[in-house]
Structures are given as structure tokens and as C-alpha cells.
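Working notes, beginning with the structure itself.
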Protein chains: 2
Amino acid sequence: MERYGHILRSYDIKPSYTRLLIYQYLKEHKNHPTADEIYQSIQQNIPTLSKTTVYNTLHLFIKKHLATMIMMDETETRYDLITKPHAHFKCMSCSKIYDVAVDVEQFSVEGLSDYVVNDAQLLYRGICPKCQA
Amino acid sequence: MERYGHILRSYDIKPSYTRLLIYQYLKEHKNHPTADEIYQSIQQNIPTLSKTTVYNTLHLFIKKHLATMIMMDETETRYDLITKPHAHFKCMSCSKIYDVAVDVEQFSVEGLSDYVVNDAQLLYRGICPKCQA
DNA sequence: AAACAAAATTGAAACCATTACAAATTAATG
DNA sequence: CATTAATTTGTAATGGTTTCAATTTTGTTT
Ligand SMILES: [Mn+2]
Ligand SMILES: [Mn+2]
Ligand SMILES: [Zn+2]
Ligand SMILES: [Zn+2]
């Protein structure tokens with residue numbers, strides 16, 4: 001928990017207990033959770049936790065470029081820590097989102113030279129191997 | 001209008017008047033409209049148009065791989081015809097979505113060999129040139 | 001320590017894009 | 001014309017997210 005304090009501070013985020021737990025959850029559950037999944041989990045440690053705080057914290061993380069949001073369908077927004085660039089694959093059958101390894105060098109796209117790029121995402125949709133039986 | 005009938009038919013979509021108008025709107029307004037923007041525009045030609053029909057038609061277009069949905073933030077889903085692959089850049093200041101010339105196919109991603117890929121999207125977020133003043 | 005100010009958290013209500021669903025209209029078939 | 005299927009419509013419901021004022025916690029000053 002507290003071992004993540006310096007990480008939050010390096011992103012100009014004051015490491016409150018709630019923020020540490022939310023960061024820890026994202027760090028140790030890389031399954032692109034929804035805000036509600038994070039809430040349900042941390043509520044066990046902080047019974048008074050408000051869902052608004054989860055949203056507030058996630059928005060703060062995003063503003064500080066520590067996390068990003070992944071939207072594959074309109075029903076649920078998912079969150080992911082910004083680590084090394086990788087792509088996401090969503091199976092339209094089982095709804096699972098997979099991490100996909102990607103070569104970073106390919107991401108230097110011409111035509112963006114005048115743009116300030118804060119975030120880049122490569123998203124795929126289709127059918128995963130398990131659902132092809 | 002009717003000149004688009006054969007296009008819809010080639011995607012196994014029966015070209016009703018409403019569907020033709022919605023397709024025409026997407027074809028001639030490449031600004032990634034929301035469902036409501038499409039509705040507001042076509043309502044002038046079809047006063048009895050229902051917003052449900054707009055959603056139904058867009059979902060049909062997507063199922064037939066004629067259109068795709070772009071989700072950059074949680075408030076509004078945007079729609080785009082599937083033409084030649086290109087990326088999207090969303091300015092976090094003015095909220096405009098730009099087309100970026102990129103051949104997404106060139107992004108040879110390892111680890112997708114066993115997946116069936118139906119759709120690929122490359123999304124950028126940042127600040128556009130106009131908003132850097 | 002007490003008093004004050006700033007930041008973080010909470011809870012309930014409101015928001016609003018999207019969906020569900022059954023009725024109504026239109027098109028297709030014979 | 002009669003029957004059936006397909007399309008469209010309108011309203012209500014859904015549910016994830018936001019708003020916002022109150023509360024609690026944290027930090028600062030005397
Ligand atoms: Mn990921
Ligand atoms: Mn586009
Ligand atoms: Zn699957
Ligand atoms: Zn801009």
C-alpha cells in the first residue's frame with residue numbers, strides 16, 4: 001500500500017489512503033476494471049467509501065496521466081494504468097478484454113507532428129480463441 | 001439518395017428511405033456525428049422520425065460492417081462509416097475529432113494470430129494545433 | 001493546543017444517452 | 001384482398017455517471 005506513495009507523489013497526487021487503495025487495485029488487477037468493480041472491492045476495506053470518490057480519484061489519475069479510460073462499448077467505461085504501450089482486444093462473444101503486445105515504434109504516425117498527443121490507444125474487436133469452438 | 005441503394009444492398013441491408021437518409025448523412029458528414037446529431041438533421045426530412053429508429057439503423061449498419069462506433073469519452077458515442085482505415089484524434093480542449101491518415105493494417109501486432117479481428121481502431125487524445133495558442 | 005483554512009470524502013438527487021418493448025405502420029407475398 | 005413479415009414509432013425504464021452541498025479529514029497559523 002504505502003509502497004506506492006512515492007509513485008503517486010511523482011505524478012503530483014497526494015497519496016491518501018483511498019487513492020493508494022485504488023492505485024493498488026489498478027496495479028494488481030490488470031483486467032481493466034469498471035468503476036463499480038473497483039468500488040465493490042475497496043468497499044471491503046473502507047466501508048464508508050463513496051462511489052463518487054472512486055470516480056473522483058479515477059478522473060484525477062487520468063488528469064495526471066497516470067491512468068486512461070478504455071471504452072469499447074457504450075455500457076461500461078474501463079480503466080487501465082498507463083504503463084508501456086499495448087493494444088486491447090475485446091471479444092464480442094465473451095466480452096473479455098485482452099492485452100495485446102505491440103511494437104511501440106510503429107506508433108510514430110506522420111500527420112500528428114503539430115498535435116500534442118497525451119494518449120494513444122489501439123483497439124481491436126472480434127472473437128477470441130476460446131470462443132471459436 | 002437512391003444512388004446509395006446498391007451500396008446498402010451490397011451490405012445485405014434493405015434500402016428503406018430512412019436508412020438511405022441515415023447512410024447519406026454519414027457519407028456526407030464525415031464529422032463523426034452522435035446519434036442525436038443524425039436525428040436532429042434527418043428529422044427535418046422525416047418529421048415522424050423516431051430516435052429509436054436512428055439507433056436501430058446504426059446498430060444494423062454496425063452489424064453489417066458498414067459503420068463503426070467511436071467512443072472517446074463516456075458521454076457520447078460517435079459513428080463513422082467504415083472506409084479506408086484511418087486513426088482518430090480527439091482534442092481534449094475543443095472536443096473536435098480529427099481524422100488522421102494512418103493505415104491501421106500496417107500495425108502488425110504480434111499475438112493476434114489466433115484471434116478473429118473484425119474491427120481495428122487507433123485513437124489519440126491530446127491538444128489540437130488550433131488550441132495551442 | 002486551539003482556531004482557522006484548504007483539501008478530500010460522502011450521500012442523495014439529477015442527468016441523460018441508450019435500451020426495452022409493445023403497438024402501429026409499411027412492405028412483401030401469394 | 002388477405003396474411004405475414006419487416007420496419008418504424010413512442011413511451012417508459014435502465015443504469016452508469018455527474019452534480020453539488022454537506023461533512024469529514026488534513027494542513028497551517030497563532
Ligand atoms: Mn491493458
Ligand atoms: Mn473518421
Ligand atoms: Zn471470447
Ligand atoms: Zn482543439
Side-chain angles (χ1 to χ4, degrees), chain A residues 1-2 4-5 8-9 11-23 25 32-64 66-79 92 95 97, chain B residues 1-2 4-5 8-9 11-23 25 32-64 66-79 92 95 97:
Chain A
M1 344 251 179
E2 184 48 47
Y4 294 132
L8 293 190
R9 265 184 290 265
Y11 281 88
D12 193 28
I13 298 170
K14 204 177 302 180
S16 71
Y17 184 57
T18 305
R19 288 169 178 172
L20 282 169
L21 283 183
I22 292 179
Y23 178 82
Y25 186 92
H32 320 95
T34 63
D36 189 68
E37 287 170 345
I38 298 172
Y39 169 74
Q40 296 295 340
S41 172
I42 299 183
Q43 196 189 22
Q44 300 174 358
N45 294 42
I46 310 176
T48 64
L49 179 66
S50 168
K51 200 175 281 189
T52 303
T53 301
V54 176
Y55 280 109
N56 287 342
T57 303
L58 289 171
H59 291 339
L60 177 67
F61 285 2
I62 291 169
K63 192 175 70 175
K64 298 298 188 179
L66 174 61
T68 186
M69 44 172 66
I70 306 168
M71 280 152 292
M72 288 270 195
D73 53 75
E74 53 268 288
T75 57
E76 47 191 12
T77 302
R78 296 177 171 278
Y79 299 88
M92 303 314 288
S95 295
I97 294 181
Chain B
M1 342 253 177
E2 183 50 44
Y4 294 132
L8 293 190
R9 264 184 291 266
Y11 282 88
D12 193 27
I13 298 169
K14 204 178 299 180
S16 71
Y17 184 58
T18 305
R19 289 169 178 171
L20 283 169
L21 283 184
I22 292 179
Y23 178 81
Y25 185 91
H32 319 96
T34 65
D36 189 67
E37 287 169 345
I38 298 172
Y39 169 75
Q40 295 295 341
S41 173
I42 299 184
Q43 196 188 23
Q44 300 173 358
N45 293 43
I46 310 177
T48 65
L49 179 67
S50 168
K51 200 175 281 189
T52 302
T53 301
V54 176
Y55 281 109
N56 287 342
T57 303
L58 289 171
H59 290 339
L60 177 66
F61 285 3
I62 290 168
K63 192 176 69 175
K64 298 297 188 179
L66 174 60
T68 187
M69 44 172 63
I70 306 167
M71 281 154 290
M72 288 268 195
D73 53 75
E74 53 269 286
T75 57
E76 46 190 14
T77 302
R78 296 177 171 278
Y79 300 88
M92 302 313 288
S95 294
I97 294 182

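Note on naming: letters A, B, ... go to the chains in the order of the sequence lines (proteins, then strands), and numbering restarts at 1 for each one.
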Can you check the [X] [atom1] to [N] [atom2] distance for me, whole Å?
{"X": "A/Leu20", "N": "C/dT9", "atom1": "CG", "atom2": "C1'", "answer": "15 Å"}
{"X": "A/Leu8", "N": "C/dA8", "atom1": "CG", "atom2": "C1'", "answer": "14 Å"}
{"X": "A/Arg78", "N": "D/dG16", "atom1": "CZ", "atom2": "P", "answer": "11 Å"}
{"X": "A/Tyr39", "N": "C/dT9", "atom1": "OH", "atom2": "P", "answer": "15 Å"}
{"X": "B/Asp36", "N": "C/dC15", "atom1": "CG", "atom2": "C1'", "answer": "15 Å"}
{"X": "A/Leu58", "N": "C/dT9", "atom1": "CG", "atom2": "P", "answer": "12 Å"}
{"X": "A/Asp73", "N": "C/dT18", "atom1": "CG", "atom2": "C1'", "answer": "12 Å"}
{"X": "B/Arg9", "N": "D/dA6", "atom1": "CZ", "atom2": "P", "answer": "17 Å"}

Check every atom of [options] against the side chain of [X] and return the nucleotide holding the closest atom.
{"X": "A/Ser16", "options": "D/dT8, C/dT18, C/dT9", "answer": "C/dT9"}
{"X": "A/Thr53", "options": "C/dT19, C/dT9, C/dA8", "answer": "C/dT9"}
{"X": "B/Tyr55", "options": "D/dT17, C/dT18, D/dT8", "answer": "C/dT18"}
{"X": "B/Arg19", "options": "C/dA8, D/dT17, D/dT7", "answer": "D/dT7"}
{"X": "B/Ala35", "options": "C/dT18, D/dT7, C/dT10", "answer": "C/dT18"}
{"X": "B/Leu49", "options": "D/dT17, D/dT9, C/dA7", "answer": "D/dT9"}

Which part of the nucleic acid, if any, lies within contact of A/Thr34, taking any heavy atom under 4.0 Å across all strands shown: a base, the sugar-phosphate backbone alone, or nothing?
nothing
With a 4.0 Å cut-off on heavy atoms, is A/Asn56 in touch with a base, just the backbone sugar-phosphate, or nothing at all?
base
Is there a side-chain contact between [X] and the phosphate of [N], meaning an N or O under 4.0 Å from OP1 or OP2?
{"X": "A/Ser50", "N": "C/dG11", "answer": "no"}
{"X": "B/His59", "N": "C/dT19", "answer": "yes"}
{"X": "B/Thr18", "N": "D/dT8", "answer": "yes"}

Quick one: the side chain of A/Thr52 and the base of C/dA12, do they pair up donor-acceptor inside 3.5 Å?
yes
Earlier contact from the 5' end, DNA chain D, for B/Lys14 and B/Lys51:
B/Lys14
Could you measure the distance from the NE2 atom of A/His59 to the CE atom of A/Met69? Nearest 0.5 Å is fine.
5.5 Å
Enter the distance from B/Leu60:CG to B/Arg19:CZ here, rounded to the nearest 0.5 Å.
5.0 Å
Closest non-hydrogen atom pair, B/Thr53 against B/Ile22:
O-CD1, 4.5 Å
Least distance between heavy atoms, A/Leu66 atom then A/Tyr11 atom
CD1-CE1, 3.6 Å
Are any non-hydrogen side-chain atoms of B/Asn45 and B/Leu21 less than 4.5 angstrom apart?
yes
Given the rule in the side-chain hydrogen bond (donor to acceptor under 3.5 Å, both in side chains) test, do A/Thr34 and A/Asp36 qualify, once you have shown the distances and angles that lead to the verdict?
CA-CA 5 Å; A/Thr34 63; A/Asp36 189 68; 5.3 Å; no
